[in-house]
Peer 1: 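After the structure tokens below, expect a handful of questions from me.
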Amino acid sequence: KMEQKKIALVGYGAMGKRIAAAIQDHEGWELCGVIDPLNEECLSSLSLLPEKPHVVIDFSHPANLEMILSYCREQEVACVLSTTGFSPAQEAMCRELSAYAPVVRTQNTSLGINILEEILRTITPILKDRFDIEIIEKHHNKKIDAPSGTAKMLARAIEESGDFPEVHGRDGTIVGEHTVLFAGDDELIEIKHTALSKQVFVAGAIKAAEFALSAPKGFYSMGDALFPHNAH
């Protein structure tokens with residue numbers, strides 16, 4: 001019988017609960033602990049886990065990052081960091097951990113958004129001189145950060161080819177909708193991604209963890225996990 005891979009989860013909000021269920025359904029995986037300092041049903045720290053996990057998945061809050069990084073560094077445990085709202089200093093700390101363990105860092109785990117990011121890298125250099133580029137996002141009203149980590153991630157893919165202004169707006173109860181608009185003199189190109197359910201983020205987080213389990217130590221994006229053949 002194959003050895004069960006032990007997965008620890010940090011964060012037990014709406015996403016955390018879905019990911020916990022997906023881990024329990026995953027053949028060959030075992031949820032070895034859920035850590036959430038704000039929830040008394042959960043452990044308050046990774047150091048309280050009964051055994052060392054093979055990977056830590058984080059869908060929580062930036063306040064937990066230091067605890068996650070120090071544990072994963074000390075134990076050399078792989079991690080998937082999907083929390084948004086990290087400061088630049090915290091992003092740098094995530095990179096530093098990659099000298100000790102595999103780190104997958106992403107602002108959005110959906111397959112479609114990561115394909116959209118790849119498309120933008122390809123077409124922006126061709127279109128940037130003739131088209132104005134705009135990212136428009138719509139979210140449910142419970143979303144904490146605006147612009148979202150996803151919008152920033154898409155912006156970074158575009159900004160590899162130059163600079164452009166940002167426009168922010170909010171409405172509705174959409175799980176997440178991102179449109180990238182290339183506006184030319186007489187033509188428009190619109191690329192739109194809509195997440196119809198939070199389940200798309202769960203599927204991606206599981207894929208990222210599968211990748212982290214077998215990856216050598218290093219710093220990876222969700223794109224590296226989904227399209228390992230063109231890891232940059």
Side-chain angles (χ1 to χ4, degrees), residues 2-87 89-110 114 149 153 198 201-226 228 231:
M2 225 177 65
E3 184 209 8
Q4 293 279 93
K5 294 292 183 190
K6 298 178 180 64
I7 317 292
L9 173 66
V10 183
Y12 202 54
M15 277 299 299
K17 290 188 170 75
R18 283 180 164 86
I19 288 169
I23 292 167
Q24 281 158 329
D25 288 345
H26 193 293
E27 189 81 32
W29 282 14
E30 179 193 323
L31 180 62
C32 70
V34 180
I35 292 88
D36 192 331
L38 302 178
N39 186 329
E40 49 221 29
E41 295 167 46
C42 304
L43 300 171
S44 60
S45 167
L46 283 162
S47 57
L48 300 171
L49 285 169
E51 55 199 334
K52 178 174 146 178
H54 292 93
V55 67
V56 173
I57 301 178
D58 168 44
F59 258 95
S60 63
H61 185 277
N64 297 320
L65 182 64
E66 228 151 295
M67 175 259 292
I68 295 164
L69 295 182
S70 64
Y71 179 84
C72 290
R73 178 175 174 158
E74 198 177 294
Q75 305 287 334
E76 298 189 346
V77 172
C79 63
V80 175
L81 302 170
S82 311
T83 292
T84 59
F86 289 165
S87 69
Q90 288 178 309
E91 294 289 359
M93 285 158 62
C94 295
R95 279 188 179 274
E96 283 159 21
L97 174 61
S98 68
Y100 302 88
V103 177
V104 180
R105 169 73 190 121
T106 180
Q107 306 265 6
N108 188 308
T109 55
S110 89
N114 285 279
M153 175 174 136
K198 284 198 167 85
F201 307 116
V202 176
I206 297 300
K207 265 195 140 32
E210 286 170 343
F211 171 82
L213 280 167
S214 59
K217 60 189 174 193
F219 190 78
Y220 304 96
S221 69
M222 191 67 202
D224 297 327
L226 292 169

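Not measured: the values here are computed from a predicted model.
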Peer 1: Can you confirm whether more than 12 heavy atoms, excluding those of Lys17, are under 6.0 Å from its NZ atom?
Peer 2: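 Yes, because the 6.0 Å sphere around NZ of Lys17 holds more than 12 heavy atoms from other groups.
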
Peer 1: Can you tell me how far the CD1 atom of Ile7 sits from the CD1 atom of Ile206, to the nearest 0.5 Å?
Peer 2: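 That separation rounds to 7.5 Å.
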
Peer 1: For the atom pair CH2 (Trp29) and NE2 (His54), what is the distance rounded to the nearest 0.5 Å?
Peer 2: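 With rounding to 0.5 Å, CH2 (Trp29) is 11.5 Å from NE2 (His54).
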
Peer 1: Can you name the closest pair of heavy atoms from Gly13 and Asp36 and give their distance?
Peer 2: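 Residues Gly13 and Asp36, closest heavy atoms: N-OD2, 4.3 Å.
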
Peer 1: Does the Thr83 side chain pair with the main chain of Pro62, one donor and one acceptor, at a distance under 3.5 Å?
Peer 2: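 Pair absent, no side-chain N/O of Thr83 close to backbone of Pro62.
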
Peer 1: Any side-chain heavy-atom pair from Lys52 and Tyr71 closer than 4.5 angstrom?
Peer 2: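 They are in contact (side-chain heavy atoms under 4.5 Å apart), so the answer is yes.
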
Peer 1: Only one of Ile35, Val77, Asn64 forms a side-chain contact (heavy atoms from CB on, under 4.5 Å) with Leu46, so which one is it?
Peer 2: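 Of the listed options, the one satisfying the test is Ile35.
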
Peer 1: For the residue pair Ala101 and Cys72, what are the closest heavy atoms and their distance?
Peer 2: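 Shortest heavy-atom contact: CB-O, 4.4 Å.
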
Peer 1: Evaluate the side-chain proximity of His26 to Glu210: yes if any heavy-atom separation is below 4.5 Å, no if none is.
Peer 2: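 Yes, at least one pair of side-chain atoms sits under 4.5 Å.
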
Peer 1: Can you tell me if Glu41 has over 12 outside heavy atoms packed within less than 6.0 Å of its CD?
Peer 2: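 Open: at most 12 neighbouring heavy atoms sit under 6.0 Å from CD of Glu41.
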
Peer 1: Find the distance between CE (Met93) and OG (Ser87) and round it off to the nearest 0.5 Å.
Peer 2: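 Result: 7.5 Å between the selected atoms.
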
Peer 1: Out of curiosity, Asp224 CG to Met222 CE, how far, rounded to the nearest 0.5 Å?
Peer 2: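 So the CG of Asp224 and the CE of Met222 are separated by 10.5 Å.
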
Peer 1: Does the side chain of Thr106 reach to within under 4.5 Å of the side chain of Met153, using non-hydrogen atoms?
Peer 2: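 When only atoms from C-beta onward are counted, Met153 and Thr106 do touch, with a gap below 4.5 Å.
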
Peer 1: Give a yes or no on whether Phe86 atom CZ has more than 12 heavy-atom contacts from other residues, nucleotides or ligands under 6.0 Å away.
Peer 2: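 For Phe86, atom CZ is crowded (more than 12 foreign heavy atoms under 6.0 Å).
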
Peer 1: If you count heavy atoms of other groups shown closer than 6.0 angstrom to CZ of Arg18, is the number above 12?
Peer 2: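 Atom CZ in Arg18 is crowded, with more than 12 foreign heavy atoms closer than 6.0 Å.
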
Peer 1: Check the pair Leu65, Cys94 against side-chain contact (heavy atoms from CB on, under 4.5 Å), reporting the backbone distance first and the verdict last.
Peer 2: CA-CA 9 Å; Leu65 182 64; Cys94 295; 4.0 Å; yes

Peer 1: Look up atom NZ in Lys6 and atom CG in Leu213, then write down how far apart they are to the nearest 0.5 Å.
Peer 2: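 Result: 11.5 Å between the selected atoms.
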
Peer 1: Start with the C-alpha gap between Arg73 and Glu96, add the side-chain angles, then the distance that decides, and say whether side-chain contact (heavy atoms from CB on, under 4.5 Å) holds.
Peer 2: CA-CA 9 Å; Arg73 178 175 174 158; Glu96 283 159 21; 5.5 Å; no

Peer 1: With rounding to the nearest 0.5 angstrom, report the CD1 to CD1 distance, Ile57 to Ile68.
Peer 2: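 It is 11.5 Å, given to the nearest 0.5 Å.
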
Peer 1: Charged N to carboxylate O under 4.0 angstrom, Glu91 versus Arg105?
Peer 2: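 Here Glu91 pairs with Arg105 in a salt bridge, since their nearest N and O are under 4.0 Å apart.
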
